Amino acid sequence: MATNQKLNKAMQAKNDEFYTRKADIEVEIQAYLEFNPSLFVGKIILCPCDDPTWSNFTAYFVENFEKLGLKELISTCYVQNGKGKILRKTARNTDLAFLNGDGDFRSDELVSLRDQADFIVTNPPFSLFRDFIAWIMDGKKQFAVICNKNCVTFKEVFPKIKANEIWSGYRSWAGGMWFETIDENDVDKVENGVKLKNVSSIWLTNIEHNRRYDPIALYEKEENLLKYPSLKEKNAYIKYDNYDAIEIPLTKAIPRNYKGIMGVPISFLDKFNPCQFELIGATESEGKGFSNGLWISSSGIAQACVNQQRVYKRVFVRAR
């Protein structure tokens with residue numbers, strides 16, 4: 001499928017169905033400000049997937065422009081078979097106009113705007129997330145973006161997490177995220193007359209926040225087995241058949257004082273404290289070479305197995 005056709009479908013799926021709530025944007029941004037109150041002072045923010053006439057990302061930064069001390073806000077959107085829109089706001093002026101092109105974030109026009117910005121904050125189309133995160137990293141920008149939680153295992157993302165270049169945002173992964181929807185046939189609940197849909201989404205960022213350094217409470221293996229009887233059924237603390245590590249089916253069941261390598265669910269990354277744990281790798285099923293030498297390749301099975309039973313995606317960690 002041609003690039004523009006992919007973008008057309010992706011933007012239609014995103015913009016016609018889900019809208020990020022302003023309250024969720026505010027909570028996330030506030031967490032970054034609690035870590036560094038002057039984070040955005042004198043800076044330029046780009047929202048490259050946001051129609052300036054209705055995006056809550058744009059609305060939030062317009063409303064808080066002076067409070068954040070911004071130098072400039074740039075908000076753009078893609079328009080199929082037409083010219084994209086652009087809003088540029090400074091302390092003196094607010095201009096709403098059309099772009100020269102359609103607003104594809106990969107276009108030279110948007111690359112130029114990216115290069116002018118200090119921060120990128122948006123909810124990009126999920127189907128284009130691999131391209132989008134690569135676009136951000138190529139520009140060496142600070143960012144906060146929303147994505148599906150499975151994106152953390154993408155080859156474009158996981159190595160960056162392992163290298164401490166990307167991490168989970170402030171919002172906890174538990175419970176997913178709620179988005180406003182106009183799809184009458186796909187509503188999970190209604191609050192104050194607003195139709196909402198729950199999606200397995202998270203924030204990814206390279207902006208520091210305090211929750212990132214909250215330690216995970218750890219207990220002895222024997223205590224965990226008493227607290228969580230299901231651990232035995234889930235083959236907890238048993239060595240994998242095909243990886244040089246032991247299985248930990250629940251993040252809360254990580255044993256205290258264990259010095260070896262452990263396989264944990266990808267949801268561990270929500271609570272990953274880089275001062276408490278070292279991220280070693282992931283199962284080969286997520287990417288060739290991801291296991292960092294832990295995989296017993298002669299097994300021929302890339303997915304982690306315990307007692308010949310395959311388990312879901314795992315990342316490998318070791319306590320510091």
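Being a predicted model, the structure only gives us computed values, none of them experimental. Any value given below was found using the heavy atoms of this structure, including those in side chains, with hydrogens, waters and symmetry copies removed.
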Taking the six-membered ring for Trp, are the ring centroids of [X] and [Y] within less than 6.0 Å of each other?
| X | Y | value |
| --- | --- | --- |
| Phe119 | Phe40 | yes |
| Phe268 | Phe277 | yes |
| Phe132 | Phe105 | yes |

Practice problem: With sequence neighbours left out, write down each residue that passes side-chain hydrogen bond (donor to acceptor under 3.5 Å, both in side chains) with Thr20, or none if nothing qualifies. | Solution: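 For Thr20, the residues satisfying side-chain hydrogen bond (donor to acceptor under 3.5 Å, both in side chains) (neighbours in sequence not counted) are Asn123.
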Quiz prompt | Non-neighbouring partners of Asn257 that pass side-chain hydrogen bond (donor to acceptor under 3.5 Å, both in side chains), sequence neighbours left out | solution = Glu220
Give me the atom names and distance for the closest heavy-atom approach of [X] to [Y].
| X | Y | result |
| --- | --- | --- |
| Met137 | Phe143 | SD-CE2, 3.9 Å |
| Pro265 | Pro249 | CG-O, 3.2 Å |
| Lys313 | Thr153 | NZ-OG1, 3.6 Å |
| Phe126 | Cys151 | CE1-SG, 3.4 Å |
| Trp135 | Leu110 | CZ2-O, 3.7 Å |
| Leu113 | Arg88 | CD2-NH1, 3.7 Å |

Quiz item: Does any donor atom in the side chain of Ser168 or Trp173 lie under 3.5 Å from an acceptor atom in the other side chain?
Solution: yes
Quiz item: Do Glu284 and Ser291 meet the criterion of a side-chain donor-acceptor pair at a distance under 3.5 Å?
Solution: yes
Practice problem: Can you label the angle between the Tyr243 ring and the Tyr240 ring as parallel, tilted or perpendicular, going by 30° and 60°? | Solution: perpendicular
Student check: side-chain heavy atoms of [X] and [Y] closer than 4.5 Å:
| X | Y | value |
| --- | --- | --- |
| Trp167 | Leu269 | no |
| Arg212 | Phe272 | no |
| Leu68 | Leu33 | yes |
| Leu218 | Tyr258 | no |
| Leu70 | Asn64 | no |
| Val199 | Phe18 | yes |
| Ile182 | Tyr19 | yes |
| Asn242 | Trp295 | yes |

Practice problem: Would you please test Ile202 and Ile146 for side-chain contact (heavy atoms from CB on, under 4.5 Å) and show each step? | Solution: CA-CA 6 Å; Ile202 63 171; Ile146 294 172; over 6 Å; no
Output the distance between atom [atom1] ([X]) and atom [atom2] ([Y]), rounded to the nearest 0.5 Å.
| X | Y | atom1 | atom2 | result |
| --- | --- | --- | --- | --- |
| Leu279 | Lys162 | CG | NZ | 7.0 Å |
| Leu231 | Lys252 | CG | NZ | 8.5 Å |
| Asp188 | Leu196 | CG | CG | 8.5 Å |
| Asp24 | Ile29 | CG | CD1 | 11.5 Å |
| Phe179 | Asn56 | CZ | CG | 11.5 Å |
| Asp115 | Ile44 | CG | CD1 | 11.5 Å |

Can any side-chain N or O of [X] pair as donor or acceptor with the backbone N or O of [Y] at less than 3.5 Å?
| X | Y | answer |
| --- | --- | --- |
| Asp104 | Arg106 | yes |
| Asn273 | Tyr213 | yes |
| Glu165 | Asn206 | no |
| Glu72 | Thr90 | no |
| Asn148 | Ser127 | no |
| Glu28 | Tyr170 | yes |

So is [X] actually on top of [Y]'s ring, under 6.0 Å and inside 45° of the axis?
| X | Y | answer |
| --- | --- | --- |
| Arg171 | Trp203 | no |
| Lys221 | Tyr237 | yes |
| Lys189 | Trp178 | yes |
| Lys227 | Tyr219 | yes |

Quiz prompt | Stepwise side-chain contact (heavy atoms from CB on, under 4.5 Å) test for Glu286 and Val315 | solution = CA-CA 9 Å; Glu286 310 318 311; Val315 295; over 6 Å; no
Does [X] share a hydrophobic cluster with [Y], counting links as ILVMFWY side-chain heavy atoms below 4.5 Å and allowing steps through other members?
| X | Y | value |
| --- | --- | --- |
| Val41 | Ile120 | no |
| Val311 | Ile246 | no |
| Ile280 | Phe290 | no |
| Val152 | Phe154 | yes |
| Val264 | Ile216 | yes |

Quiz prompt | Residues Glu223 and Arg256 bridged, charged N to O under 4.0 Å | solution = yes
Self-check item: salt_bridge(Glu247, Arg314) N-O dist < 4.0 Å
Solution: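 Judged by the 4.0 Å cut-off on N to carboxylate O distance, Glu247 and Arg314 do form a salt bridge.
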Self-check item: Check against salt bridge (Lys or Arg N to Asp or Glu O under 4.0 Å), Lys197 and Asp186
Solution: CA-CA 7 Å; Lys197 175 67 180 177; Asp186 195 15; 2.8 Å; yes
Practice problem: Give the C-alpha distance, both sets of side-chain angles, the deciding distance and a yes or no for side-chain contact (heavy atoms from CB on, under 4.5 Å) between Arg318 and Met262. | Solution: CA-CA 6 Å; Arg318 178 168 50 203; Met262 301 167 281; 5.7 Å; no
Exercise. Using the salt bridge (Lys or Arg N to Asp or Glu O under 4.0 Å) rule, collect all pairs that involve residues 258-273, keeping only residues at least two apart or in two chains.
Key: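 Every salt bridge (Lys or Arg N to Asp or Glu O under 4.0 Å) pair that includes a residue of residues 258-273, provided the two are not neighbours, is Arg211-Asp270.
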Quiz item: Should the heavy atoms of other residues, nucleotides or ligands under 6.0 Å from NZ of Lys89 be counted, would the total exceed 12?
Solution: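 Yes, the 6.0 Å shell around NZ holds more than 12 heavy atoms from other groups.
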Self-check item: Heavy atoms of other groups near Lys71 NZ, more than 12 under 6.0 Å
Solution: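 No, the 6.0 Å shell around NZ holds no more than 12 heavy atoms from other groups.
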Quiz item: Hey, which of Thr58, Asp51, Asp50 is the one that makes side-chain hydrogen bond (donor to acceptor under 3.5 Å, both in side chains) with Trp54?
Solution: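 That would be Asp51; it is the only one of Thr58, Asp51, Asp50 passing the side-chain hydrogen bond (donor to acceptor under 3.5 Å, both in side chains) with Trp54.
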Exercise. Please lay out, stage by stage, how Thr94 and Leu87 fare under the test side-chain contact (heavy atoms from CB on, under 4.5 Å).
Key: CA-CA 7 Å; Thr94 300; Leu87 177 141; 4.1 Å; yes
Quiz item: Would Glu180 and Arg21 count as a salt bridge (Lys or Arg N to Asp or Glu O under 4.0 Å) if you check the C-alpha gap in whole Å, the side-chain angles of each, and the deciding distance to 0.1 Å?
Solution: CA-CA 7 Å; Glu180 297 177 20; Arg21 300 188 300 176; over 6 Å; no
